[in-house]
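Letters A, B, ... are given to chains in the order of the sequence lines, protein chains preceding strands, and every chain is numbered from 1.
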Number of protein chains: 2
Amino acid sequence: MTTHHFSTKDRILSAAEALFARQGFAATSLRQVTSRADVNIAAVNYHFGSKENLVNEVFRRRMDQMSEERLAALKVACCERPGELEPVLAAFVEPALAMAQDRHGGADFVRVIARAYAESNDGLRKFLSDRYGHVLREFAKAITGCVEGLGKEDLYWRLDFLAGALVYAMSDFGLIKRPSGTSESSHRQRAAAALIRFASAGFKATN
Amino acid sequence: MTTHHFSTKDRILSAAEALFARQGFAATSLRQVTSRADVNIAAVNYHFGSKENLVNEVFRRRMDQMSEERLAALKVACCERPGELEPVLAAFVEPALAMAQDRHGGADFVRVIARAYAESNDGLRKFLSDRYGHVLREFAKAITGCVEGLGKEDLYWRLDFLAGALVYAMSDFGLIKRPSGTSESSHRQRAAAALIRFASAGFKATN
DNA sequence: GTTAGCCTCAAACAAGCGTTTGATTCAGCC
DNA sequence: GGCTGAATCAAACGCTTGTTTGAGGCTAAC
């Protein structure tokens with residue numbers, strides 16, 4: 001008889017996600033993970049084979065869903081408000097926001113994404129680019145349709161700026177400290193709105 | 001008789017910088033550092049006291065200079081073209097660009113900065129905030145003077161966006177791959193110009 | 001009741017970690 | 001020459017790391 005609601009695998013994934021978010025991959029030991037998950041140390045290698053594979057599974061569990069949400073939101077934006085830039089940017093930013101507000105560890109996952117970019121975990125970056133690159137290409141196409149005279153090189157630079165700003169803002173890596181009065185949810189809501197305004201103006205800047 | 005041109009301390013710092021840039025702090029062992037620096041393992045604790053202190057010193061060696069350059073450039077910008085935003089942003093962005101182009105490991109250091117954001121070592125963040133927070137405060141003041149009606153909260157959000165985008169772009173973390181035809185120097189030059197335009201428009205966006 | 005297969009467990013493994021030790025080298029100074 | 005203090009060294013310290021082992025519990029099928 002166990003009092004846990006989730007399977008051993010899921011508890012390991014969630015514990016790993018939270019610790020990776022807080023400390024990074026290399027700095028997080030499997031013993032920390034299994035202790036937090038209330039699971040025997042050997043369970044990780046039994047269920048996932050290795051630590052590296054655990055890292056990959058932590059990604060798969062959420063990233064597929066977020067990419068689908070982004071593409072779906074993009075489709076809606078293009079249909080309902082064609083030619084407008086802000087809905088497109090919102091389609092990119094808001095699924096990350098929604099994930100960050102998910103009560104089941106989504107906030108941690110957003111930070112894990114930031115770490116994945118920062119750690120050139122060689123295989124991991126290639127994995128992300130291979131598996132989710134097409135999403136960015138879709139958004140690039142949509143943005144091109146919203147901004148007249150935006151060259152390809154500027155477009156890609158600005159997408160990089162957007163991605164960088166999004167990752168750092170959503171991860172609380174920057175200067176901004178959430179005031180103790182406001183909830184984490186509305187804090188992120190504001191960040192997303194501010195970023196969409198900021199990036200929208202940025203994408204429309206002329207050269 | 002030694003064939004080295006630099007002191008033990010400097011060789012340790014440079015080796016650590018390169019390895020931290022490539023692998024992150026936690027994933028880099030002191031044995032890797034001392035092996036690359038061609039130095040005995042005990043030298044790190046002799047000269048720096050601990051690994052954590054070595055990390056701090058890697059920062060101090062370059063960050064002091066970059067901060068001074070930023071403040072000097074800001075002063076010039078405010079004197080020569082008062083009220084204009086782009087020179088202020090250039091004063092923030094271009095010293096980072098110059099550092100990234102420095103031939104003696106500056107490019108590595110820019111990536112180390114990105115890792116410092118990502119790994120979020122608490123001791124390191126406090127060190128950075130204590131030592132270099134006043135620089136950001138100076139820029140915040142200058143930007144406020146250039147953009148009418150920009151509230152404090154939006155100002156700080158946008159500074160975060162700028163910092164995130166800068167770090168991201170300078171570290172080659174994003175989509176943009178340098179075309180084989182162009183030099184790394186002119187590649188970064190373009191990134192800086194594009195970022196200044198992007199951020200300038202973003203800071204001026206109304207709410 | 002027995003068997004089979006999945007799962008969990010305490011314990012141990014070799015390897016690597018950051019740090020410390022004590023001896024040794026070497027330059028500069030009285 | 002003798003002394004001093006900084007710098008370097010090989011070796012070892014105690015500890016944590018990811019991973020493996022083999023015994024045993026449990027459920028379900030026969």
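A donor-acceptor contact under 3.5 angstrom links the side-chain atoms of B/N40 to the base of D/dA10. A donor-acceptor contact under 3.5 Å is not formed by the side chain of B/R31 with the base of C/dG16.
The interatomic distance linking B/E52 (CD) with C/dC17 (P) rounds to 19 Å, in whole Å. When rounded to the nearest whole Å, the span between CG of A/L30 and C1' of D/dT19 equals 9 Å.
In this structure, A/F59 has its ring center under 6.0 Å from that of A/F109.
Contact annotation: B/T8 side-chain N/O to D/dT8 OP1/OP2 distance is under 4.0 Å. For the OP1/OP2 pair of D/dA6 and a distance below 4.0 Å, the side-chain nitrogens and oxygens of B/H47 include no atom meeting the criterion. Taking 4.0 angstrom as the limit, B/S29 places none of its side-chain polar atoms (N or O) nearer than this to OP1 or OP2 of C/dG16.
Environment of CZ in B/R190: sparse, with no more than 12 heavy atoms of neighbouring residues, nucleotides or ligands closer than 6.0 Å.
A cation-pi arrangement is not found for A/R111 relative to A/F20, the charged atom failing to lie both closer than 6.0 Å to the ring centre and inside a 45° cone about the ring normal.
You'll find that the side chain of A/K51 is closest to D/dG18, out of D/dT20, C/dT20, D/dG18.
Atoms CG and CZ, on A/L19 and A/F25 in that order, are 12.0 Å from each other to the nearest 0.5 Å.
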